[in-house]
A.B. asks: 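My questions all concern the structure below.
Start at 1 and go down the list; that is how both ligands and their atoms are numbered.
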Amino acid sequence: MDKLNNLKTTLKELGIESAKTIEETVDLQYHYLENLQKSLNNDELFLKLVIINALTSYQLSTTGENWWKEFSEYNWDNTIKNKEKDNGDLFENYILFLSNSNGNRRINNVKIKRINKIKPFLNNLPIADLENYYLNMNSFRDNLAKQLNTKKDSKTVVFAIKMFGYASRIVFKRFIPYPFEIEIPKDSRIEKYTKKFTEQNPIEFWNNISKETEIPPLHIDSILWSALGNSKTVKIRLKSLENKEISKKIDNLINIQ
Ligand SMILES: Nc1nc2[nH]c(O)nc2c(=O)[nH]1
């Protein structure tokens, strides 16, 4: 079988169910969000913090996994205590966290501008609206892109939807698959892997693969993100999956030449 057919067959066999398993039991980003949701004990703040953190998650000075660990372990107590101040302190405290962070130190002036741009929109979002956006992630994607004056398929916008989907799944205790219309976050891990198969634009390539395999692009991202990372813990988690067929198929995806 040629490598493209191998990729499509393996992804088709994995399907959305395996992507969900990988997200919830392998991806450390999900694990750190679960910890944060428990320790914060305030779901509206939790969801908003996750959205803001995703919007600044680019040009990191560490791995994505380490960055989400640092974010989840930060002491957000001041933010919680002052929550009655119309979320005002949420943004100030986030900027303080970002400015002193170890894992996200590049172009923070640009990232802070982005936080200030999204502030009026997020400030006016009660948890009921956030829940509605979980039911209609396309509309949330459109509104985030509009507020930030950026493209709907930009890495930060689609990645924010991925992390919002994780956080909402934890808060609302319900799995809603990502929509097919939301593209894969184009970053170096994904770009490098795409080059094994094509010189085509990665977003277009994965949109086509998504249709053929019937897995939404953001769920394909979850499979690839865990399969292609260097974290030892993630590798152990992949190997230890109860369903050994998933581990074998992930090995196959990693080794396609
Ligand atoms: N494609 C992805 N890029 C990411 N960056 C980051 O920090 N996490 C991710 C991810 O899950 N997918």
Side-chain angles (χ1 to χ4, degrees), residues 7 11 14 16 18-36 49-74 94 97-98 101-108 111 114-115 137 141 144 150-170 177-179 182-197 201-207 209-210 215-231 233-235 237-238 250 253-254:
L7 171 73
L11 283 176
L14 282 167
I16 292 194
S18 306
K20 178 175 179 281
T21 301
I22 291 168
E23 287 161 358
E24 295 174 10
T25 60
V26 175
D27 190 348
L28 291 172
Q29 299 172 126
Y30 193 94
H31 170 68
Y32 298 137
L33 292 193
E34 285 182 312
N35 289 347
L36 178 62
L49 275 173
V50 170
I51 296 162
I52 302 169
N53 199 52
L55 291 173
T56 69
S57 291
Y58 58 100
Q59 296 210 26
L60 298 176
S61 328
T62 184
T63 62
E65 286 86 357
N66 284 343
W67 168 236
W68 285 89
K69 183 172 193 292
E70 184 180 358
F71 165 73
S72 72
E73 289 175 354
Y74 185 72
Y94 184 82
F97 158 68
L98 181 70
S101 76
N102 292 315
N104 199 349
R105 308 182 73 87
R106 295 192 200 116
I107 54 165
N108 280 358
K111 292 171 185 169
R114 179 169 280 192
I115 295 166
M137 288 184 260
R141 183 269 318 266
L144 280 185
T150 187
K151 282 166 56 183
K152 290 180 186 179
D153 65 0
S154 69
K155 193 236 155 170
T156 38
V157 168
V158 293
F159 180 60
I161 300 297
K162 176 169 174 180
M163 298 313 279
F164 170 69
Y166 275 15
S168 297
R169 202 183 306 171
I170 295 165
Y178 293 116
I182 302 187
E183 275 101 353
I184 201 161
K186 190 177 89 167
D187 66 3
S188 52
R189 222 182 264 194
I190 298 296
E191 277 182 301
K192 194 168 159 215
Y193 189 67
T194 310
K195 285 212 165 77
K196 284 189 177 200
F197 306 97
N201 174 325
I203 293 179
E204 282 170 22
F205 175 75
W206 291 106
N207 275 346
I209 298 287
S210 161
I215 308 176
L218 283 179
H219 288 297
I220 294 184
D221 181 74
S222 301
I223 296 171
L224 298 182
W225 178 257
S226 287
L228 304 174
N230 285 324
S231 155
T233 315
V234 170
K235 287 184 197 303
R237 285 175 155 228
L238 278 171
I250 294 291
L253 287 178
I254 297 169

A.B. asks: Answer side chain, backbone, both or neither: which part of K162 comes under 4.0 Å from ligand 1, heavy atoms only.
C.D. replies: side chain
A.B. asks: Any chance the side chains of D27 and Y166 put a donor and an acceptor closer than 3.5 Å?
C.D. replies: yes
A.B. asks: Any donor-acceptor pair under 3.5 Å linking the side chain of Y193 with the backbone of L253?
C.D. replies: yes
A.B. asks: State whether R189 and E65 are salt-bridged, where the test is any N-O pair (Lys NZ or Arg NE/NH1/NH2 against Asp/Glu carboxylate O) under 4.0 Å.
C.D. replies: yes
A.B. asks: For ligand 1, which atoms have a heavy atom of G64 less than 4.0 angstrom away?
C.D. replies: 7 (O)
A.B. asks: Look only at the side chain of K111 and the backbone of R106, and say whether a donor-acceptor pair between them is shorter than 3.5 Å.
C.D. replies: yes
A.B. asks: Heavy-atom contacts with D187 under 4.0 Å: which atoms of ligand 1 show up? List them by number with element.
C.D. replies: 1 (N), 2 (C), 3 (N), 4 (C), 5 (N)
A.B. asks: Counting N and O atoms only, with roles assigned by atom type, does the side chain of N53 sit under 3.5 Å from a partner on the main chain of F71, one being a donor and the other an acceptor?
C.D. replies: no
A.B. asks: With heavy atoms of Q29 as the reference, note each atom of ligand 1 found under 4.0 Å away.
C.D. replies: 6 (C), 7 (O), 8 (N), 9 (C), 10 (C), 11 (O)
A.B. asks: Taking only heavy atoms of P185 into account, list the atoms of ligand 1 that are under 4.0 Å away from them.
C.D. replies: 1 (N)
A.B. asks: Heavy-atom contacts with K155 under 4.0 Å: which atoms of ligand 1 show up? List them by number with element.
C.D. replies: 3 (N), 4 (C), 5 (N)
A.B. asks: Return the orientation label for the W206 and F197 ring planes: parallel under 30°, perpendicular over 60°, tilted otherwise.
C.D. replies: perpendicular
A.B. asks: Which residue and atom name correspond to the protein heavy atom nearest atom 1 (N) of ligand 1, and how close is it?
C.D. replies: D221 OD1, 2.7 Å
A.B. asks: To which protein heavy atom is atom 9 (C) of ligand 1 closest, and what is the distance rounded to 0.1 Å?
C.D. replies: F159 CE1, 3.2 Å
A.B. asks: When you measure from the side chain of Y94 to the backbone of L49, do you find a donor-acceptor pair of N or O atoms at a distance under 3.5 Å?
C.D. replies: no
A.B. asks: Considering heavy atoms of the protein only, find what lies nearest to atom 10 (C) of ligand 1 and give residue, atom and distance to 0.1 Å.
C.D. replies: W225 CD2, 3.3 Å
